[in-house]
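Position 1 is the first residue of the sequence, and the numbers go up from there.
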Amino acid sequence: MTNTQKNTQKNAQKNTQPIAKHAPGRSAGHDARQSTRQQPEGSAAAGSGIGSGGGRKLSVLISGASVAGPALAHWLRRHGFEATIVERAPALRDGGYAVDFRGDAHLSVLRRMGILDAVESARTGVGSMSYVNATGKPVAKLPADLFAGDVEILRGDLARILYDETSPYTEYLFGDSVTSLTEDANGVSVTFERSAPRRFDLVVGADGLHSTTRRLAFGPEEDFVKHLGVYCAVFTTANHLGLDHTGHAYRTANRMVAMYSARHNAEAKAVFYFGSPDLDLDRRDVTRQQDLLRAKFAGGGWQSDRLLHEMRHAPDFYFDSVSQVRMDSWSRGRIVLLGDAAYCPSSLSGMGSGLALVGAYVLAGELAAAGGDHAVAFARYEREMRAYAEGCQKMGDGVAGLMVPGSRFAAAALNRYYKLMPYLPGKNMAARIARRTAENITLRDYPAA
C-alpha cells in the first residue's frame, strides 16, 4: 500500500462531523449571503440555467483552491454554472515560489478575468539573478530578460487575488477533502472527510500533482506521475542579505540553494533543490522533510546553514518532488482533471500557472458551448488543450540537470557558461522559445451567459 493510500485509509476513519463551510476570518452569515450579492459585469444573472438556457444551474464540485480551481470557478460563474470548491488545507495557502505569465495567451486570460491589474500590482519585480561561490562572491549574472516572463508573481499572492475575486459567489469548503466518487447517469455522489455527502452534476479535479480526484477516478499516482530526479523546498525568510529586487544562487554538485527578494523587498524566498531518485516520504511529515533537507545541505557553504536554521520557523514551508503528470485521457464520465492534476509540466518549466489558467478558460468555455453536455465539452477541452499542454511539458524536460549538475566540475562549467551567456549571439533563445510555447494556442471566444 502506498503512503497516499495509507493516508486515505486513515482519513476515512476520522470523525466526519461537518465543519464550517466558510474561510477562516469570514462568518457563516457572510457566506450564506454570497448568493444574493450583485454579480460581476459579464457574469450570468442569478437564476439562469445551464449555459444560456433556463432551469436549474449545472452544479460543479472543484477539488483544489490554489490557482486552477478558483480560475475555473470564475469562468463557470460567467457561463451561468454553480461552483463549490473543496480544499484540504484549513485556510488559503500562502507562500510558494514565484510563477510567470508570458505571451498573449496568458495575459489575455488574465485581462478577460479582470485581474491583470491586480496581478501586475503584486508582481515581484525581481530583476537579475547572480550566481555566487561558497563565500558569496558573484561568479555570474543573468539579466531578467534572459529568463523571466512578462509578469512574475508569488503563487500565494496569485491565489489570494483569485480567492478574493471568486469568494463572493463561490462556496468554499476549507479543511475538507473528497473521499469517494460514485457516478451514475444523472450526476456524481460525493463523500467528504468531514462534510455530509452531496450530489453534483460534475466533478473537477484541480488538486495538483498529488490529486486525490485523479487517484479516486483514474487510479494510483504512480501510474501517471513522472519523477524528474529532483526535489525542491521553498519557504519565506527574512531578507537578511538586503536583496533589492534581485536574487542570489549557489550551485554545487547535485545541489542548489537560492534566495530572492519578495513583496517589495520586505521579505525573501529561500529555495533548495537537490537531485535524488523517488523518495518514500509522507507528504505531510514536515519534520522528516526538514531533517532530510538539513542532512543534504548542512555545511554546504554560502547561506545554507543560516537558511536551514530559519527553515524551522517558516510559516509556509513547502517540499515536493519536481515531477510531471502524463495521462492518455483527462476525463472519465462526469469527472475531469484540470491543471497540474492532468498535465503538470513541472515547477521548473515556468509554465504551470499560465497553463492552468488557460485550461480553466477553455474547460468552462467548452461546457458553455456544449450547453452543459459534459461528454461533448470534455472531448473538446482535451482537443483544444492537448498539444498546448504537451508543448509546455517539453519546457520542463532536461531542466533538472541544469538546476543540479551531477558534479562540482559540471557546476563550475555551467557557472562559466552563465557568465558568458549575456554576451553570446543566442542569449535570448531560451526566452523566445518559452514565449512561443506559451503563445502556441488560439483562444476561442466563449460569450458569457
Donor-acceptor pair, side chain of Glu171 and main chain of Glu82, under 3.5 angstrom: no

Please list, chain by chain and in numerical order, all residues satisfying side chain to side chain donor-acceptor pair (under 3.5 Å) with Thr237, sequence neighbours excluded. Glu310

What is the distance from atom CG of Leu307 to atom CE of Met311, rounded to the nearest 0.5 Å? 9.5 Å

Is the closest basic N to carboxylate O distance between Arg88 and Glu193 below 4.0 Å? yes

Do the charged groups of Arg312 and Asp291 touch, with an N to O distance under 4.0 Å? yes

Test ring-ring contact (aromatic ring centres under 6.0 Å, His included) applied to His264 - qualifying residues, sequence neighbours left out: none

Listed partners of Arg93 passing salt bridge (Lys or Arg N to Asp or Glu O under 4.0 Å), at least two apart: Glu87

Is the shortest distance from a Lys or Arg side-chain nitrogen in Asp280 or Arg288 to a carboxylate oxygen in the other one below 4.0 Å? no

Please determine whether the number of non-hydrogen atoms from other residues, nucleotides or ligands lying under 6.0 Å from atom NE2 of His309 exceeds 12. no

Atom CH2 in Trp75, atom OG1 in Thr166: separation rounded to 0.5 Å? 13.0 Å

Can you sort out the partners of Glu152 under salt bridge (Lys or Arg N to Asp or Glu O under 4.0 Å), two or more places apart, ordered by chain and number? none

Is it true that Glu165 and Arg160 have a side-chain N and a carboxylate O under 4.0 angstrom from each other? no

Testing the 3.5 Å rule here: is there a donor-acceptor pair between the side chains of Ser66 and Arg155? yes

Taking Glu439 first and then Arg435, would you say they form a salt bridge - that is, a charged N and a carboxylate O separated by under 4.0 Å? yes

Considering only residues two or more places apart or on different chains, which pairs with a residue in residues 351-371 satisfy salt bridge (Lys or Arg N to Asp or Glu O under 4.0 Å)? Glu366-Arg444

Side-chain donor or acceptor of Glu221 paired with backbone N/O of Arg215 under 3.5 Å: no

Below 30° counts as parallel, above 60° as perpendicular, anything between as tilted: where do the rings of Phe319 and Phe317 land? parallel

Mind checking ring-ring contact (aromatic ring centres under 6.0 Å, His included) for Tyr446 and listing every partner two or more places apart, or none if nothing turns up? Tyr361

Testing the 3.5 Å rule here: is there a donor-acceptor pair between the side chains of Tyr260 and Thr124? no

Tell me every residue that passes salt bridge (Lys or Arg N to Asp or Glu O under 4.0 Å) with Arg326, counting only those two or more places apart in sequence or in another chain. Asp397

Partners meeting ring-ring contact (aromatic ring centres under 6.0 Å, His included) with His227 (sequence neighbours left out): Tyr231

Name all residues meeting the ring-ring contact (aromatic ring centres under 6.0 Å, His included) criterion together with Phe297; count only those two or more places apart in sequence or in a different chain, and write none if there are none. Phe272

Looking just at side-chain N and O atoms, do Asn239 and Ser261 make a donor-acceptor pair shorter than 3.5 Å? no

Do Tyr250 and Ser304 pass the side chain to side chain donor-acceptor pair (under 3.5 Å) test, and can you show the C-alpha distance, the side-chain angles, and the key distance before you say yes or no? CA-CA 9 Å; Tyr250 169 60; Ser304 297; over 6 Å; no

Thinking salt bridges, do Arg263 and Asp94 make one under a 4.0 Å N-O criterion? yes

Listing, residues 330-337 side-chain donor-acceptor contacts under 3.5 Å, not counting sequence neighbours, or none:
from	atom 1	to	atom 2	distance (Å)
Arg332	NH1	Ala217	O	3.0
Arg334	NH1	Asp201	O	3.0
Arg334	NH2	Ala185	O	2.9

What residues form a salt bridge (Lys or Arg N to Asp or Glu O under 4.0 Å) with Arg102, not counting sequence neighbours? Asp100

Just verifying a value: how many Å separate Gln324 CD and Leu348 CG, rounded to the nearest 0.5 Å? 9.5 Å

What do the steps show when you test Asp104 against Ser108 for side chain to side chain donor-acceptor pair (under 3.5 Å), and what is the final call? CA-CA 6 Å; Asp104 291 341; Ser108 175; over 6 Å; no

Please check this pair: side chain of Asn265 against backbone of His245, looking for a donor-acceptor N/O pair closer than 3.5 Å. yes

Give every residue pair that meets the salt bridge (Lys or Arg N to Asp or Glu O under 4.0 Å) criterion with at least one member in residues 338-351, sequence neighbours excluded. none

Distance only, no hydrogens: is a donor on one side chain within 3.5 Å (strictly under) of an acceptor on the other, for Asp150 and His106? no

Residues Thr236 and Lys269: side-chain donor-acceptor under 3.5 angstrom: yes

Audit row: Ser195, Asp176, side chain to side chain donor-acceptor pair (under 3.5 Å) steps and yes/no: CA-CA 7 Å; Ser195 299; Asp176 210 346; 2.6 Å; yes

